[in-house]
Structures are given as structure tokens and as C-alpha cells.
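The next block holds one structure in the form of C-alpha cells; read it before the comments.
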Amino acid sequence: MAPLSVRYSPTDATPTKVWLSPPHLAGGELAALQATLESGWVAPAGPVPEAFEAAIAEATGIPHVVAVASGTAALHLGYRCLDLQPGDEVWTSSLTFVASVAPAVQMGAKARFLDVCPESWTLDPGLLADALARAGRTGRLPRAVVPVDLYGQCADLGTIRAICDRWGVPVLSDSAGGMGARHRGRHAGAGAQLAAFSFNGNKIITAGGGGALASEDAALIARARHLATQAKEPAPHYQHETTGFSYGLSSVLAAVGLAQLAALEDRVAARRAIFEGYRQGLSGLPGLSFMPEPAWARSSRWLSTILIDPESFGADRETVRRALADEGIESRPVWKPLHLQPVFRGGAKGSSGTVAARLFERGLCLPSGSALGAADQARVVGIIRHCCAG
Ligand SMILES: *Cc1c(COP(=O)(O)O)cnc(C)c1O
């Protein structure tokens, strides 16, 4: 029998390929993997996931954490912990990834999408306050409000939480892309009732796949942990009062995540430096601007994102994206707003997002990996400058 041989090297096929946000090994992963395998603790339980959870609590300042198989799983558990019921509404930002609400709609909830504000590109607190006041008067409050951290930029979570508290509506923060980001001095997700994080392959820190749900409320995380591990009641036999999920994070992946997390602050510094490189390299181009960073935020710059006004720039976003792709450089349009997605046609009334729609039309995420080399970044800059020159 031929030996099983798997070759995986993304650089083999296209030596000059530049990816949007590839994993960046921190150095400790191999040793951590070896130690984990040798210990025999490979299941989704035991000392390594526990250590990963403690490290996430330390990095985020959110004391209670359960590590799970993905960010989407963390969101799903969050919705279960908030007792989301069929027919309930869940409000989130128009400008996000479908996973923010996919578990909720699969549970029978209705999604409603609110626009983002131009200063942060995250959920607009003013719109939220008005919409909650209207819904409160008619007794149609949502079961949860789900602000989203966008490309490493936090939603204004403290402000959003205060607005939601007035109406008794819990906040589940989709902080999947928020590791290392800060709002008003706090880490992404801190201040929400629940916060979901992701460690999938293209995030600033990866476990090779994984996520976490965090809260200041120990009981909520105990409930999430129970549901994540098949909702087994304490008994020698299998005993169940509800059904749960098999959402635990393998010790093997937790070991990778733990080694990666040690480098978080370095990764934020590297991504911010890459953003600065784009800002300097692309300065002075007419019609080109950057994702803003409000005074109350410190973005991780997980993805460096630009806006292209086709009139003054002389080319549109798609022209720039294709010019980069022709040179083996991956870039990606800003999220297509969810209120424009066919799957949400006929969704809850009141969904909108003209700011989000404009950002989708003009926005482009540039290669932002923390290991992006100066020569590759200079190529990206050169191609974009060339598009502008015509
Ligand atoms: C990555 C991401 C998710 C999903 O996380 P997974 O770990 O891939 O399931 C959800 N929401 C946002 C905003 C994300 O960026």
C-alpha cells in the first residue's frame, strides 16, 4: 500500500501568491502540539483547553470563557444561552458576515439589519436607540442585539450596552474578528453580556479552527459549556433534560491556539504597521481613503481596508481587485451587506443600510497578513498606484 502522503504548501503552485490574511506561526506551535500529543490529552477536554480558556480570559479581561470548535459555534451557543425562540427578532449590523446571524435564523428567529456609522463602519448606536425606542413602544423588542467588530475595529460596545440596558435587551457581541482590538480602553467584546471570538485560519490569531464564548456571568458560561458538550446531566448513565451540541475544542487545536495567543500583541503591532505602510504608500492618490479609526477605538487592523471613489480615482474597486488578482494578489470586497443578500429577502421589516451598501461598492480589503513582506506590500502599492494613473 502506498504511504499516505499529503503535501500542502500554498506557495508551491504560485510562488508569488500573496494571500489576504494567511496564518502566521508564532514559533511555539510544534512544541505545544508535541507535548499535547505525548500527554495523551487530545480530546476536547483537559488541561490544554482549560489553559487556552484562561489565556483568552486574561487577554480579553472577560473572566469566564468556554473554548469551542468555531466562532459560529460560539454564536450558536450564545443564542441558546439567551433562550432565543422561533419568531424572535435578532438585530445586527448590515455590514457583517452571514455567520453573525446564521445560527439565529436556523433557530427560527428573524434577522433585522441596522446600518453602520461612517466613523467606525460598525453598528450605529443612534439608529439602534431610535429603533429600540420604536420597538419598545409597540412591545416588539428583539431578543438580542448583536454588534459586530469589523476587520479588527470594535463596535462602540459601551454605548450600545447602555442603550440596550434601558430596554432590557441583552447584547451578544460578534467579536469573531476582534481579538486584540480595543474600545474605550477595553478589549473587544468586554461589556457585552456575551462575546463570541473566532480562531479560524484567517483571523489575527488562529488555532487552525476554533472559537470561544466569553462572559462576565459565570452561570451563562456554565450553561454554554453544558450545551457544548451534549448537555449531559450529572449521572453515571447518559441523562438529558435538553439537547446540546458537540462543540468542544480539541486539545490539539487548543494547543495551537494557546501558542498563537502568546504573540497577540506582536501581531496587532505588525498589522498596524502594515496599515501604516499602505497609508504612506498610497498617500496622495485622489479618491482613495482608508477605513477610519475613531478616537475611542484602537483597531487591530486585522484587515487593512481602503475605499475607492471611482470618479476621482479613475478606476473602480473591481478594476483594482482584478489588477491585483492578475498578479497573484488576493484582495476582497468589503462584506456584501446582509440586507442585500438573497437569503434574507423578505426578512424582518426595517432592515436597511445605505452606508453599508456604499462601503460594499467602494471598499476593498488588502493583503494584511502579519508576515507580509515589505517587497510584497510594495508590489500591492505599486499596482494600486498604477490603476489610479490609468
Ligand atoms: C470569522 C467570523 C465569524 C465566524 O467564525 P468561524 O470561526 O469561522 O466560525 C463570524 N463573524 C465574523 C464577523 C467573522 O469575521
Side-chain angles (χ1 to χ4, degrees), residues 19-23 44 52 56 65-79 90-106 111 113-114 116 120-123 144-155 157 160 171-181 183 188-189 192 194-214 224 228 245-250 253-254 256-257 260-261 267 271 291 299-305 332-338 341 343-344 353 356 359-360 363 365 368-369:
W19 300 94
L20 187 72
S21 179
F52 188 41
I56 295 166
V65 178
V66 57
V68 293
S70 70
T72 309
L75 287 159
H76 195 178
L77 289 168
Y79 287 121
V90 167
W91 293 5
T92 190
S93 133
S94 320
L95 194 63
T96 185
F97 184 43
V98 67
S100 301
V101 289
V105 298
Q106 287 155 4
F113 306 111
L114 302 179
V116 295
S120 69
W121 300 13
T122 59
L123 182 64
V145 166
V146 183
V148 181
D149 300 333
L150 187 81
Y151 305 144
Q153 178 135 288
C154 290
L157 204 49
I160 289 168
V171 176
L172 166 58
S173 179
D174 180 351
S175 292
M179 280 308 296
H183 61 100
L194 288 160
F197 298 97
S198 167
F199 303 99
N200 95 6
N202 74 356
K203 298 298 200 266
I204 191 164
I205 289 293
T206 183
L213 187 68
F245 310 96
S246 181
Y247 274 170
L249 179 67
S250 149
L253 297 178
V256 175
Q260 285 261 307
L261 202 47
R267 297 299 182 254
R271 300 237 181 197
M291 182 173 180
S299 172
S300 72
R301 297 294 185 187
W302 167 40
L303 295 180
S304 285
T305 302
R332 193 161 297 161
V334 163
W335 303 124
K336 178 171 179 175
L338 294 188
Q341 295 285 1
V343 63
F344 295 118
L359 295 173
F360 167 58
C365 302
S368 305

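Remember, it's 1-based here, ligands and their atoms both numbered in the order they're listed.
Side chain of Ser94 to main chain of Pro337: no donor-acceptor pair is present (N/O by atom type, distance under 3.5 Å, no hydrogens or angles). Judged by distance alone, with hydrogens and angles left aside, the side-chain atoms of Thr206 form a donor-acceptor pair with the main-chain N or O of Phe199 at under 3.5 Å. Counting only distance, with no hydrogens or angles, the side chain of Gln153 and the backbone of Ser120 share a donor-acceptor pair below 3.5 Å. Although no hydrogens or angles enter the test, the distance criterion places no donor-acceptor pair under 3.5 Å between the side chain of Trp302 and the main chain of Arg271. Under a 3.5 Å cut-off, the side chain of Thr305 and the backbone N or O of Leu303 do form a donor-acceptor pair. Although no hydrogens or angles enter the test, the distance criterion places no donor-acceptor pair under 3.5 Å between the side chain of Ser175 and the main chain of Asp149.
Contact annotation for Asp174 and ligand 1: only side-chain heavy atoms (C-beta onward) come within less than 4.0 Å of the ligand.
When each atom of ligand 1 is checked for a heavy atom of Gly210 under 4.0 Å away, the hits are 7 (O). Near Ser70, the atoms of ligand 1 lying under 4.0 angstrom from a non-hydrogen atom of the residue are 7 (O), 9 (O). If you number the atoms of ligand 1 from 1 as listed, the ones under 4.0 Å from a heavy atom of Ala99 come out as 10 (C).
At the shortest separation from atom 4 (C) of ligand 1 among protein heavy atoms lies Thr72 OG1, 3.6 Å.
Among the atoms of Gly71, some N or O lies under 3.5 angstrom from an N or O of ligand 1. Between Lys203 and ligand 1, a contact under 3.5 Å exists for at least one N or O pair. Here's the thing with Ser100: none of its N/O atoms is less than 3.5 angstrom from an N/O atom of ligand 1. For Asn200, a nitrogen or oxygen atom sits less than 3.5 Å from a nitrogen or oxygen atom of ligand 1, counting backbone and side chain alike.
Nearest-residue assignment for atom 3 (C) of ligand 1 (options Ser198, Ala176, Ala69; heavy-atom criterion): Ala176.
Side-chain contact, Arg332 with Ser21: no donor N or O sits under 3.5 Å from an acceptor N or O.
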